[in-house]
Number of protein chains: 2
Amino acid sequence: MIIQGDCLIKLKEIDDESIDLIYLDPPFYTQKKQSLISRDNSKEYFFDDAWENVESYKKYIQDRLVECKRVLKNTGSLFLHCDRTASHHLRLALDEVFDSINFQSEIIWSYKRWSNSKKGLLNSHQTIYFYSKSPEFKFNKIFESYSPTTNIDQIFQKRVRDENGKTKYKKSDDGESELMEQKMGVPLSDVWEIPYLNPKATERVGYPTQKPVILLEKIIHLVTDKGDIVLDPFCGSGTTLVAASLLERKYIGIDISKDAIELTKTRLKNPMKSESALLKNGKEAYMNQDQKVLEILNEIDAIPVQRNKGIDGFLKIKNTMRPVPIKIQREKETLEIAKDLLLKASKKNGFQLGILVKTNNTQTNSLFKAIDTPKDNLMIIDNLKNLPKIKALLEHNLALL
Amino acid sequence: MIIQGDCLIKLKEIDDESIDLIYLDPPFYTQKKQSLISRDNSKEYFFDDAWENVESYKKYIQDRLVECKRVLKNTGSLFLHCDRTASHHLRLALDEVFDSINFQSEIIWSYKRWSNSKKGLLNSHQTIYFYSKSPEFKFNKIFESYSPTTNIDQIFQKRVRDENGKTKYKKSDDGESELMEQKMGVPLSDVWEIPYLNPKATERVGYPTQKPVILLEKIIHLVTDKGDIVLDPFCGSGTTLVAASLLERKYIGIDISKDAIELTKTRLKNPMKSESALLKNGKEAYMNQDQKVLEILNEIDAIPVQRNKGIDGFLKIKNTMRPVPIKIQREKETLEIAKDLLLKASKKNGFQLGILVKTNNTQTNSLFKAIDTPKDNLMIIDNLKNLPKIKALLEHNLALL
DNA sequence: TCCAGAGATGAATCCACCC
DNA sequence: GGGGTGGATTCATCTCTGG
């Protein structure tokens, strides 16, 4: 069900204790009127976020939270997606409405983001507060993989206490250890690393502040079963409803914007999500460099980059605006091939000078093999110890280029 | 300098605007007296955390924050390490003392921890608030490596805005992309993944709530230079001072506990930190399974494990207490070798049944190759599609074992 | 029924020891 | 000596029990 209108009013039309999960992504606390333009420039979405002060913002949310609590089943839960500038005020509101005893988790949605160059740390997480209506809330345990460093042999062993009360692993008389029962993995943590919705994701419908479907799926999985009812009072482009629909939950969405409602309706006709290759395969799948290359790059204080065939990293060189790409020769790579790869990548990107580190053991005695072919602007180094000298040279000369 | 006493009183003896960085890790908001015993049972540390209510706790902190602000230089910063049950109250206190305009970051210290079986998400982060005294705060930009998925071709290209205000990559007339100036990597994010101080770390001095030196080093690097003054009004075992000393900053530590002061003094005679192998080498160094194996394990919903030669994971099987290890045959591994490895590992750990997945293409037609040698309790599967049937079989039969 | 204290838990690391 | 692995130790734990 999708309803247009102010959720405070529309919520009042919903029965007491009828909802299993409420997810809210309310407007942010900004002091100016927002207007954000959709991707294809066809639509403009207005956010009437002109709050007098943070207290009036808090009251606005709190009024709606009270209604949310009413419609929530006794086993139900609420997730509030917070604005980073006002998250503490929102948690205060939650404490007042739900009581701090029902605070379950501060979920951190963390993601990597393109940098902006502001002074300070790069803001790359958002906070979601998880409150239950009562201690009897429904909760489905979700398990994750063990850390690769975990000693599995050991955690399957039973333990006993010694005379000082310290625990030890239990051994039978013949020195054998006793087995514990089956384990399902590690309980899900409260820090969720989920990629920010890729600008080009097929999932994108052009709505600002759109959230990834996977994020909502995770929440829905956690506290509902099939057939349960999910409510989103600020449904926006309908991500929550899409996720609910994909997981066979019933859903109710409310939004004040007519455009958002339209968008949600069309989106729900064909609910879909984009598969994140990053999440599915893990970061490791993208690591096409072996440990050795990373070590070398680290040693020479270069910036490693991963997704480029001819370039392994960039040198940090002062006094120049030119990026200097560097490539480390692979074990099974002839110097010629390595050279070609670097040159090609360099040329494509317009870099003026590339540095190739020779790693096989047929060494020459020169400081570096000299600029191989001046027109190519390629330098080959066969002894890393010389690199500082070369860097100094470059810092001196590149400014002239 | 290390001072014993209530920091509210001792702070008053410090000059105005004389400190570059203040880090506070105040007592937590618990409603009962805590007493925590040190590792070797030799000492007991008391925390007088008997706050009437959260308001009195907030006031306790706020009083001290006022003094902190006074002693801070105009370019100085303050980092407050928060109790998760009261972080919102603490941020309110910070807003009141420092003004919300000087809020810089909510730093998430995220880590993996041994779990405990509570209902809900596994709590695995802590929050540190970063406020500056003024907008003119000192800040050293720190850069990290690019994410492996980053397409570096793009990050060096200049961008322009099109007529609609959207950014595009700038192309010169001949279609070549124009280069940006050199980049140093991705600016440090506000989510810090730092391993929890390990139970066996040599860095440990037996003080409860001890923080990793690396965490403090990161903070100190961020907002101070060599020779600057770092202050910790709740210095505890002196981690902040150790980090400051290692980075050649001056330091002042205050703590109310005599024992803590003693501990700090001896610790500072030989300041050290433990190298985290995990941080140094990265998680990837511990991964000994290739992508293909992980994919198969994922497909059959098994729990992957890394640190074990003969075992790649464990099956999730209901109705049994017995862990069922599984191994995937490697490409360059004969069936015999794979079998031996699994058997050996199984036997060592006392598992009653192991499952080996055959992956080379000489297929048989049987459902599974049958229990190879019944006394070994080994099953060989050569068609993954049959696994669900086998799991059902197991769920039925294993209970009998 | 509530609270205090005992007892069980459980995975992540580093360390020590082994070959 | 170096790579592998068994073990120790931890929790501002969590749950259960008994008064």
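Just so we're clear, the structure is a prediction, and the values are computed from it rather than from any experiment. Lettering of chains follows the sequences in order, A, B, ..., and the numbering in each one begins at 1.
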Using only heavy-atom distances, decide whether a donor-acceptor pair under 3.5 angstrom links the side-chain of B:Asn198 to the base of C:dT13.
yes
Whole Å only: how far is the CD1 atom of A:Ile152 from the P atom of C:dT13?
13 Å
Checking all strands, does B:Tyr111 fall into the base, sugar-phosphate, or nothing category for heavy-atom contacts under 4.0 angstrom?
nothing
Identify which one of B:Lys273, B:Gln210, B:Arg267 satisfies the side-chain hydrogen bond (donor to acceptor under 3.5 Å, both in side chains) criterion when paired with B:Thr239.
B:Arg267
Length of the line joining B:Ile214:CD1 and C:dT13:P, which is rounded to integer Å:
11 Å
Using whole Å, what does the distance between atom C1' of nucleotide D:dC11 and atom CG of B:Leu122 come to?
11 Å
Under 4.0 Å between any heavy atoms, over every strand shown, what does B:Gly120 touch: base, sugar-phosphate, or nothing? Just pick one.
nothing
Between D:dG4 atom P and B:Arg307 atom CZ, what is the distance in whole Å?
11 Å
Atom CZ of A:Phe156 and atom P of C:dA11 are separated, to the nearest Å, by 8 Å
Give a yes/no verdict on a cation-pi contact between B:Lys119 and A:Phe137, requiring under 6.0 Å between NZ or CZ and the six-membered ring centre and an angle within 45° of the axis.
yes
Using a heavy-atom cut-off of under 4.0 Å over every strand shown, decide if A:Ser147 touches base, sugar-phosphate, or nothing.
sugar-phosphate
Name the closest nucleotide to the B:Arg204 side chain, picking from D:dA12, D:dT10, D:dT15.
D:dT10
A:Asn151 or B:Gln126, whichever maps to the more 5' nucleotide of DNA chain D
A:Asn151
Does the ring of B:Trp114 lie flat against the base of C:dA11, closer than 5.5 Å centre to centre with planes under 30°?
no
Could you tell me whether a side-chain N or O of B:Asn53 sits under 3.5 Å from a main-chain N or O of B:Ser56, the two making a donor and an acceptor?
yes
C:dT13, D:dA12, D:dC14: which one has an atom nearest the side-chain heavy atoms of B:Phe28?
D:dA12
Residue mapping more 5' on DNA chain C - nearest nucleotide basis, B:Ser115 or A:Gln154
B:Ser115
Pairing nucleotide - C:dT1, Watson-Crick or G-U, each distance under 3.5 Å:
none
Does D:dA12 have its OP1 or OP2 closer than 4.0 Å to a side-chain nitrogen or oxygen of B:Tyr196?
yes
For the side chain of B:Lys200, counting heavy atoms from C-beta on, which of D:dC14, D:dT5, D:dA8 is nearest?
D:dA8
Hey, can you tell me if B:Phe234 and B:Tyr60 have their rings parallel, tilted or perpendicular (30° and 60° cut-offs)?
tilted
Which base, if any, makes a Watson-Crick or G-U wobble pair with D:dT10, both distances under 3.5 Å?
C:dA11
For B:Asp83 and D:dC11, give me the distance from atom CG to atom P, rounded to whole Å.
17 Å
Nearest-Å distance, CZ (B:Arg113) to P (C:dC14)?
17 Å
Counting only side-chain heavy atoms from C-beta out, which of C:dT13, D:dA12, C:dC15 sits nearest to B:Pro27?
D:dA12
For the side chain of B:Lys348, counting heavy atoms from C-beta on, which of D:dG7, C:dA11, D:dT5 is nearest?
D:dT5
Quickly work out the B:Lys344 NZ to D:dT5 C1' distance and round it to whole Å.
12 Å
Considering only heavy side-chain atoms of B:Lys309, the closest of D:dT10, C:dC14, D:dT5 is D:dT5
Which distance, rounded to the nearest 0.5 Å, do you find between the CD of A:Glu106 and the OG of A:Ser87?
7.0 Å
Does this structure show an ion pair linking B:Lys10 with B:Asp255, if we count only N-O contacts that are shorter than 4.0 Å?
no
